[in-house]
Number of protein chains: 2
Amino acid sequence: MPRSTPGRRPATLASLAAELGVSRTTVSNAYNRPDQLSPELRKRVLDTARVLGYPGPDPVARSLRTRKAGAVGLLLTENLSYAFRDPGAIEFLEGLALACEDAGQGLHLVPASPEREDVASVHRAGVDGFVVYSVPEDDPHLAAVLERPLPTVIADQPRAASVDHVGIDDHAAIQRLARHVIELGHKHVGVLCMRLGRDRNDGFVSLARQHSARYHVQRARLAGLRDAFEAAGVDWNTVAVVERFDHSLDDGARAAGQLLDRDPQVTAILCTSDLLALGALDEASRRGLRVPQDLTVTGFDGIAEALRTELTTVRQPVLDKGRTAGELLLSTKDPGRPRSVTLDTELITGKTSAGPRGYEEPWFGP
Amino acid sequence: MPRSTPGRRPATLASLAAELGVSRTTVSNAYNRPDQLSPELRKRVLDTARVLGYPGPDPVARSLRTRKAGAVGLLLTENLSYAFRDPGAIEFLEGLALACEDAGQGLHLVPASPEREDVASVHRAGVDGFVVYSVPEDDPHLAAVLERPLPTVIADQPRAASVDHVGIDDHAAIQRLARHVIELGHKHVGVLCMRLGRDRNDGFVSLARQHSARYHVQRARLAGLRDAFEAAGVDWNTVAVVERFDHSLDDGARAAGQLLDRDPQVTAILCTSDLLALGALDEASRRGLRVPQDLTVTGFDGIAEALRTELTTVRQPVLDKGRTAGELLLSTKDPGRPRSVTLDTELITGKTSAGPRGYEEPWFGP
DNA sequence: GCAGCAGACCGTAACGGTTCAGAAGCCGTT
DNA sequence: AACGGCTTCTGAACCGTTACGGTCTGCTGC
């Protein structure tokens, strides 16, 4: 570990050049363009560098000059560590990391806790572009990202004009799921959804709040459910929607409990995420409700745990989404018109959905 | 989104200063030291910046001057996306992310796939320090990190002199677990371990390979097992050790199968990770072996899934490890003697360990 | 004997900021 | 009138590198 000689200023390209009696250009070339100088001189440069403890060109100075940071910024606007709690976020991260890796780019996670609205971290990030994942439309960090003159890709939400976008058709996907539930015969249902705004509201959601939700994805999914059920003759005003700020199994369970307490006759609980649905399953079993005989539960996302549980849900290609976001960003050349990629989803009919009590198909045993 | 006026060069601090007829210093102060200029002038600066589309001081140029990048580098030396597959790695990342967030620092994931030995990504990373997580001792990326004149913290492995370190006492921890298994009466055991070097070797491991393992953690755990069993009169030469390059449930299952095929009489399988142990459980059930009656299985790490399964294992505070690594790094001031933090572990006696067939404690029913 | 050319190396000008030691102006004090 | 102190703003140095457009040397070919 040849750290620079203590007591002396650390070596720079210039000091190394001076020591060698060559120009800075030559030293630079020794590192970056071996073909631009003779092998002998190059070896002499590199050897002397070792002796002097010169660690090679400073990355920051190089970035300034070349206008390339070699890294992609990721904005999540949650406690940064949230990214590592949520299965969907992890998979997205993985996809994005794959894309970055392929391109030899680093992935710079920007600290952006929702509490202290410290936008400085966005300003301070030395990156070549941003990926924004699932932030509310009125997020100040998002605004800060958009102010920077860098290519940006937004995943999921919010849909902003003039910025590249990758996501799914949430409205259509959940509508398909809703129709499946409707066809099973369910008329009296309840809904569990994720946070609709930056303010905490753990409880029932008014129609107004549904409409003014700051998260496009949640808004679209609720609207999809509403459209499907109203088309089936269900008055959406009568459908209880319970919101949870935090996204965890326990919160799903608690939300389901809240719903079942107020509206015990529901025969199906539709959740806008798998995690909430898995929590609802826990709560159901705690109450002695059999799924799907006594209660139908559906999710959204298709996380591994949900597929293992055979939850009825919508699978979306989260990994692809992350990778596509990265590829989109890294392939940005000229600022043409913003691109938008919509990925496919798949309805997964698992074992947590069936007709409501009294509506079962007749049983013709062997 | 006031991007800079097209057709003109993007605004800089200098051009903004010229436009305003003030010095660059003043513009800089407007952003960084509001108390250094009159509120009116500051407002004028900021307003004009908005009009001109000046996005604020360039982060890279600032970093060059201040010699602070505002980010911590993380070296994993796996496909970058590996970090998001392994539960332990995720938890470590979460802890590290928490520490970074508290300090307002970004987290820069360095792409370092083991295949292409492209050390450039390490040289190119504009960061204030590195955290190195679980890489082999002979990794070229590690060497590249150590060559950079930056504070560095190594987590788990390798133990390198002169660099800060955080980890656990793997040797002692697994020894305690081994003694638990020994006390249950097991004499005929097998071992599953993770990769021992950068070369793939999916199969049985020679003693020589055990000794020359390039992963300190695995080497220490194997040594701990060896010492415990030899102390109990078991000849370590007779103990089959199966290695797996990839770290997944399936690989654990396959490794267990390989072990059971060759050595069907083993009464216990000790694994150096929970993931391998969980895989072994799968394989046992596939073979109709009841755990723990027919087979004892133990793990190491204490990941959530293992605790849920009530696996007998060693719990280590992975999240704390990540956080400690970050705190250590970010608190580095002067390069005193290298610090080393050893975290506590806990033996968890789950439901996957019991005495071997014929050695059960006598049963005195109620 | 000289034009032409390739290879090897170099000088200068950015890149976009921050910082520090003052200067200018203004006010109140002695 | 001289002085000190305060606020506000400035000039110049510096951070470490790479891009650009050269120059210089020596050799080939005729």
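In this text, all values refer to a predicted model and were calculated from it rather than measured experimentally. Order of the sequence lines sets the chain letters (A, B, ...), proteins ahead of strands, with each chain counted from 1.
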Where the side chain of [X] is concerned, which of [options] is the nearest nucleotide?
X: B:Asp58; options: C:dG17, D:dT18, D:dT17; answer: C:dG17
X: B:Pro57; options: D:dG11, C:dT18, C:dC9; answer: C:dT18
X: A:Thr66; options: D:dT18, C:dT18, C:dG11; answer: D:dT18

Just so I know, are the side chains of [X] and [Y] near enough to count as touching, which here means a heavy-atom distance under 4.5 Å?
X: A:Val166; Y: A:Asp156; result: no
X: B:Asn32; Y: B:Arg62; result: yes
X: B:Leu76; Y: B:Val135; result: no
X: B:Val127; Y: B:Leu150; result: yes
X: B:Val110; Y: B:Leu74; result: no

Atom [atom1] of [X] to atom [atom2] of [N]: distance rounded to whole Å?
X: B:Arg148; N: D:dG16; atom1: CZ; atom2: P; value: 14 Å
X: A:Arg67; N: C:dG17; atom1: CZ; atom2: P; value: 9 Å
X: B:Arg65; N: C:dT18; atom1: CZ; atom2: C1'; value: 5 Å
X: B:Leu13; N: D:dT10; atom1: CG; atom2: P; value: 12 Å
X: A:His123; N: C:dT18; atom1: NE2; atom2: P; value: 13 Å
X: B:Arg44; N: D:dC9; atom1: CZ; atom2: C1'; value: 12 Å
X: B:Lys68; N: C:dT19; atom1: NZ; atom2: C1'; value: 15 Å
X: A:Leu37; N: D:dC24; atom1: CG; atom2: C1'; value: 16 Å

Does a side-chain N or O from [X] land closer than 4.0 Å to OP1 or OP2 of [N], or not?
X: A:Thr12; N: D:dG16; value: no
X: A:Tyr31; N: D:dG16; value: no
X: B:Ser38; N: D:dC9; value: yes
X: B:Asn29; N: D:dC9; value: no

Task: Distance-only donor-acceptor test, B:Thr25 side-chain atoms vs C:dT19 base atoms, 3.5 Å - done: yes

Open item on the list: Can you tell me whether the side chain of A:Arg24 and the base of C:dC10 have a donor-acceptor pair closer than 3.5 Å?
Closed with: no

Classify [X] by what it touches in the nucleic acid, base, sugar-phosphate, or nothing, heavy-atom distance under 4.0 Å.
X: B:Thr26; result: base
X: B:Val22; result: sugar-phosphate
X: A:Leu64; result: base
X: A:Arg33; result: sugar-phosphate

Open item on the list: Reading DNA chain D from 5' onward, which residue's closest nucleotide shows up sooner: A:Arg62 or B:Leu41?
Closed with: B:Leu41

Open item on the list: Counting only heavy atoms from other residues, nucleotides and ligands, does the tally under 6.0 Å from CZ of B:Arg339 exceed 12?
Closed with: yes

